[in-house]
S.K.: 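Below is one structure. I have some questions about it.
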Amino acid sequence: MQRSFHFAFGILCVLSLSNNSALGTIPRPRGVAISKTSLYPPGEHFVCLNGLKTINYLQINDDFCDCSDGSDEPGTSACPDGKFHCTNAGFRPKNIPSSRVNDGICDCCDASDEYGIPDSKCVNTCLELGKEERQLKKSREELAKRGIALKAELSSKGKTMRDERDVRLAELQNRKQEADNIRIEKENIKKRAEGVENEALQVYKEIQENEKQEKTQQHAYDNTNEATDTFIKFDSNQDGFIEIAELQSRASFDKDRNGEVSEEEARLFLDEKDRVDIDHFISICWSRIKPYLMLDAGLFKPPQFDAEEVDDQHQQETDTDPSYIEPSHADEHEDEGEAGYDPEEEEEEEGEETGEGAAEEVTTSAPNYDPETQKIIDEANAARNELSEAERQLREIEQEIREIEEQINKDYGASDEFASLEGQCFAYEDREYVYKLCPFDRASQQPKSGGSETRLGSWDRWSGSEYKYSHMLYSNGASCWNGPQRSAVIQLECGLEHKVTGVSEPNRCEYHYVFETPAACENPNNSSDDDMHDEL
Ligand code: MAN
């Protein structure tokens, strides 16, 4: 455009918006905010706001960019990066990029940005918008007012809960001290009672030990006799040796149950020898042979234990009984295609030191105590029980202390306004799921079509960035298929009752709840408002 045209346009623009001067106020060029009027003092010259250039006053808004900061064209789109200010009287003022001036699109509610378009459809809607906004603001304020009253009740409830917890904690700490004293006393009583008991039982222990030894010896003797009798029975040619052939005639040694006792099978029972004499038979071979004879005679039935019992049993049995066969070994060998037990493993584990052959566990029954000893035992038992009870009571108190301390240290909001939400759960249903929020505990999701609840997260922390108590974070939820663990952010909004008003999953396995509660109500004056008040 020609400079002369710009100049004429400038006069038009400046004058056309200088109606304020008629009212006796300073004229304000188009697109300049009221607050910045003084930066455009009427006169012959205008100094660009960055101070880099002085131009003729009439060059303001002449649709030609003179100032490098665009300050000479606040009301046209001539300068790149220029700003146009809509006064929007009755609503909120607004700055728009000056490129939008006269572009045919209504950006300002007072239509001032489209002043150069003759048939512009833009009409001034600022009064209606202002009215709507004032109504909205009013209802927000009313909500906040009522909400804040409810929040005050919640805070006082929270404070009462905190006070009660403090009182309870102090009480529990006293009770813990008492309980600990009782425990120490009971422990001393128990120690004394057990000292007396040990002394009284000493004589019985010796008797029992002797009985056990006698029984063990008798058992070993019987076992040796049995081994000797068997040797004589098996030694059919009576040459003082048991040979392979003599075992081959006995079906008991058909380990693989194929109808015949192979030379290899027989040799296994003879300690891999061709023949054995009676001493070798008793000391080595008998412990292998006896279980097979017992099995055949139906005298030995593998007992049924659970795994733990088997372990204990095995320990006991192997300690005392070299011939003990662990039942599970039968299964192992069956897996390998063998039909019966193979005691060899046991023998290897147990060593071959047993000269007595297979011996059974020797047990002794509990002795009949004389009345005085029985009384001492009963007293020791009572002391033991009382100590256990005292320990149990102490543990219970300690557990409650831990729980209360955890609650006392929990952050329930700036004035404990969220405290009473703990222990409650709030549900929200969408098309597919029922979502649950149990504040300070967890967030979860359950399909409506059935199926179990999925944990979306456990209470982690307050996570609001501007105001800490505006958001809650629940993390470490159930792992997402091929993804991270689920987590949920709860956005808190002011409302007159506690309720979840929406749940979404903005990213896979990341959930967003909106939860309304009076505890989130704040005084609206605290929230920052725009610079609109003077123009409303
Ligand atoms: C389930 C729900 C969904 C989630 C998928 C991820 O279907 O927990 O919310 O997106 O698992 O595999």
Side-chain angles (χ1 to χ4, degrees), residues 136 139-140 143-144 146-148 150-151 154-155 157-158 161 165 399 402-522 524 527:
L136 199 70
S139 56
R140 258 200 234 118
L143 172 73
R146 290 171 64 198
I148 285 169
L150 293 172
K151 179 177 174 178
L154 291 173
S155 292
K157 213 165 157 189
M161 287 166 81
R165 280 179 191 140
Q399 175 62 21
R402 271 195 297 278
E403 284 167 11
I404 290 208
E405 278 176 343
E406 198 184 305
Q407 283 174 321
I408 286 175
N409 293 330
K410 230 181 221 179
D411 183 352
Y412 291 112
S415 53
D416 286 329
E417 64 273 25
F418 293 97
S420 57
L421 289 174
E422 189 165 39
Q424 300 189 58
C425 291
F426 305 92
Y428 176 84
E429 282 188 32
D430 71 3
R431 220 161 29 87
E432 244 185 306
Y433 300 103
V434 177
Y435 288 91
K436 233 191 257 170
L437 171 66
C438 306
F440 303 104
D441 179 8
R442 67 183 195 281
S444 65
Q445 173 201 56
Q446 190 165 26
K448 282 161 106 173
S449 55
S452 57
E453 200 175 89
T454 303
R455 189 173 277 255
L456 304 184
S458 302
W459 164 247
D460 186 339
R461 62 192 153 89
W462 292 103
S463 61
S465 55
E466 273 173 32
Y467 176 59
K468 183 173 155 193
Y469 302 112
S470 65
H471 291 80
M472 290 173 153
L473 174 66
Y474 292 76
S475 54
N476 293 326
S479 291
C480 195
W481 174 252
N482 267 346
Q485 279 183 284
R486 287 172 174 78
S487 63
V489 168
I490 318 299
Q491 179 187 330
L492 298 161
E493 297 279 339
C494 173
L496 296 183
E497 52 186 53
H498 310 300
K499 72 171 180 243
V500 179
T501 57
V503 180
S504 55
E505 191 180 345
N507 294 310
R508 196 167 149 261
C509 296
E510 287 177 17
Y511 302 83
H512 182 265
Y513 283 52
V514 179
F515 181 59
E516 280 189 6
T517 166
C521 295
E522 291 292 325
S527 62

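Every number for a ligand or one of its atoms is a count from 1 in the order of the listing. Hydrogens, waters and symmetry mates play no part in the numbers below; they use all other heavy atoms, side chains included.
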S.K.: Less than 6.0 Å separating the ring centroids of F515 and F426?
M.R.: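 F515 vs F426: aromatic centres under 6.0 Å.
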S.K.: Can you say whether the rings of F440 and W459 are parallel (under 30°), tilted (30 to 60°) or perpendicular (over 60°)?
M.R.: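 Geometry flag for W459 against F440: perpendicular rings.
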S.K.: Nearest non-hydrogen contact with atom 11 (O) of ligand 1 belongs to which option: R486, E510, R508, E505?
M.R.: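 The option holding the nearest heavy atom is R486.
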S.K.: Inspect the surroundings of NZ in K157 and state if more than 12 heavy atoms from other residues, nucleotides or ligands are less than 6.0 Å away.
M.R.: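 No.
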S.K.: Anything under 30° is parallel, anything over 60° is perpendicular, the rest tilted; go ahead and classify Y469 against W462.
M.R.: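 Rings of Y469 and W462: perpendicular, over 60°.
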S.K.: Where do H471 and L492 come nearest, in terms of heavy atoms and distance?
M.R.: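 In terms of heavy atoms, the two residues are closest at N-CD1, 4.3 Å.
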S.K.: State the atoms of ligand 1, each with its element, that fall below the 4.0 Å cut-off from a heavy-atom position in C509.
M.R.: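 Matching atoms, with element in brackets: 6 (C).
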S.K.: Which residue supplies the protein heavy atom nearest to atom 8 (O) of ligand 1, what is that atom called, and how far is it?
M.R.: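 So the nearest neighbour among protein heavy atoms is Q445 OE1, 2.7 Å.
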S.K.: Closer than 4.0 Å to some heavy atom of Y433 - which atoms of ligand 1 meet that?
M.R.: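 Near Y433, meaning under 4.0 Å from one of its heavy atoms, ligand 1 has 1 (C), 2 (C), 3 (C), 7 (O).
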S.K.: If you measure every N/O of T454 against every N/O of ligand 1, is any gap under 3.5 Å?
M.R.: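 No - when backbone and side-chain N and O of T454 are compared with those of ligand 1, no distance drops under 3.5 Å.
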